[in-house]
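We use all heavy atoms of the structure for the numbers below, so side chains are in, but hydrogens, waters and symmetry mates are not.
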Amino acid sequence: MEYDDVVRGRRSIRGYQAKPVPKALVREVIEMAMRAPSSFNTQPWNFYVVSGEPLNRIRAGNTERILAGVPESREFRSHGAYAGIHRDRQIEVAKQLFGAMGIARDDKDGRQDWVLRGFRQFDAPVSIVVTYDRSIFGGDYGPFDCGGVANAIVNAAWSRGLGCVINSQGIMQSPVVREHANIPEDQVIMTCIAMGYPDDSFPANAVVSLRKPVDEAATFIGFDEE
């Protein structure tokens, strides 16, 4: 695929086929994604690629703890609730997804089921847990670089017929993830990426989230007027 086709065509996938993803293909995706730039070429990222029964144990542990009211324990810093235009965009994409899935505003059970799907990493056959070295915890370089490599993973996967969604719900209960993915304490859990073959019959997979225009995002300084 041409690069522009990958970027314009890619979308977040929240429904997957049960078909397993070959380890060699996941390895190829990660190898390509690791061409991503990093601060001073430090390459702080590491990947714990989980499938099969260990991933099922993570799904179960996440769900059980959330339903039991255990507070979240994600290891990255959160700014709290979104407000203003950011909240508006969050609501807009939720409307798109709930509309595609036929989940009404007053359908509490349907909305709860959707949330739990996130904790189960959308039942994808593969989860890539992205971590970085604890020795650089507290700065912004490591998380910034992890964001770059996560973007590279989803694009490399899409170009090979795989779908992904970057999913912080999947690492909501970090002790569960750390235990079953065998993540040592010298690693900070940044996020996870659900991966698999897209289920084209799953309605939410057709949703293309809206993007603000370039003129709203970019300020050009020092250019000759056209």
Holding to side-chain hydrogen bond (donor to acceptor under 3.5 Å, both in side chains), I want the full list of residues that pass it with R57, two or more places apart in sequence or in another chain. H180
Please identify each residue that fulfils ring pair (Phe, Tyr, Trp, His ring centres under 6.0 Å) with Y3, with sequence neighbours left out. none
Expected output: side-chain Y16 to main-chain I13 donor-acceptor under 3.5 Å: yes
If we count only N and O atoms by modelled type, under 3.5 Å, do the side chains of S209 and R211 hold a donor and an acceptor together? yes
Closest non-hydrogen atom pair, D145 against P37: OD1-O, 4.4 Å
Sorted by chain and residue number, the side-chain hydrogen bond (donor to acceptor under 3.5 Å, both in side chains) partners of N46 (sequence neighbours excluded) come out as D133, Q187
Sorted by chain and residue number, the side-chain hydrogen bond (donor to acceptor under 3.5 Å, both in side chains) partners of R74 (sequence neighbours excluded) come out as E72, S168
Look at the side chain of N62 and the backbone N and O of I171, then say whether any donor-acceptor pair between them is shorter than 3.5 Å. no
CD1 of I189 to CE of M172: how many Å apart, nearest 0.5 Å? 13.0 Å
ILVMFWY clustering at 4.5 Å (side-chain atoms), partners of I85: none
Which atoms form the tightest heavy-atom contact between C164 and I193, and what is the distance? CB-CG2, 3.7 Å
Connected to F223, directly or through other members, by ILVMFWY side-chain contacts below 4.5 Å are V214, F220
Classify the side-chain pair N41/Q43 by whether it contains a donor and acceptor separated by less than 3.5 Å. yes
Do you know which two heavy atoms are closest between Q121 and G170, and how far apart they sit? NE2-O, 3.4 Å
Just distance, no hydrogens or angles: give the donor-acceptor pairs under 3.5 Å from side chains in residues 89-106, sequence neighbours left out.
unit_1, atom_1, unit_2, atom_2, d
R89, NH2, E216, OE2, 2.9
Q90, OE1, R87, NH1, 2.8
Q96, NE2, V208, O, 3.1

Applying side-chain hydrogen bond (donor to acceptor under 3.5 Å, both in side chains), name anything that partners T42, two or more places apart in sequence or on another chain. none
Shortest non-hydrogen pair, P22 vs Y197, comes out as CD-OH, 3.6 Å
Report yes or no: does S174 contribute a side-chain atom to a donor-acceptor pair with the main-chain N or O of E75 at less than 3.5 Å? no
With heavy-atom distances below 4.5 Å as the criterion, would you say the side chains of S51 and K23 are in contact? no
Taking salt bridge (Lys or Arg N to Asp or Glu O under 4.0 Å) as the test, write out the residues that go with D109, two or more places apart. none
Residue list, ring pair (Phe, Tyr, Trp, His ring centres under 6.0 Å) with F137, at least two apart or on another chain: none
Using a strict threshold of under 4.0 Å (side-chain N to carboxylate O), is an ion pair present between R59 and E64? no
Carboxylate-amine/guanidinium contact R77 D140, below 4.0 Å: yes
Sequence neighbours excluded and cut-off under 3.5 Å, please list the side-chain donor-acceptor pairs for residues 148-156, or say none.
none

ILVMFWY cluster membership beyond F40 - transitive side-chain contacts under 4.5 angstrom: Y141
Donor-acceptor check, side chain of N167 to backbone of C192, threshold 3.5 angstrom: yes or no? no
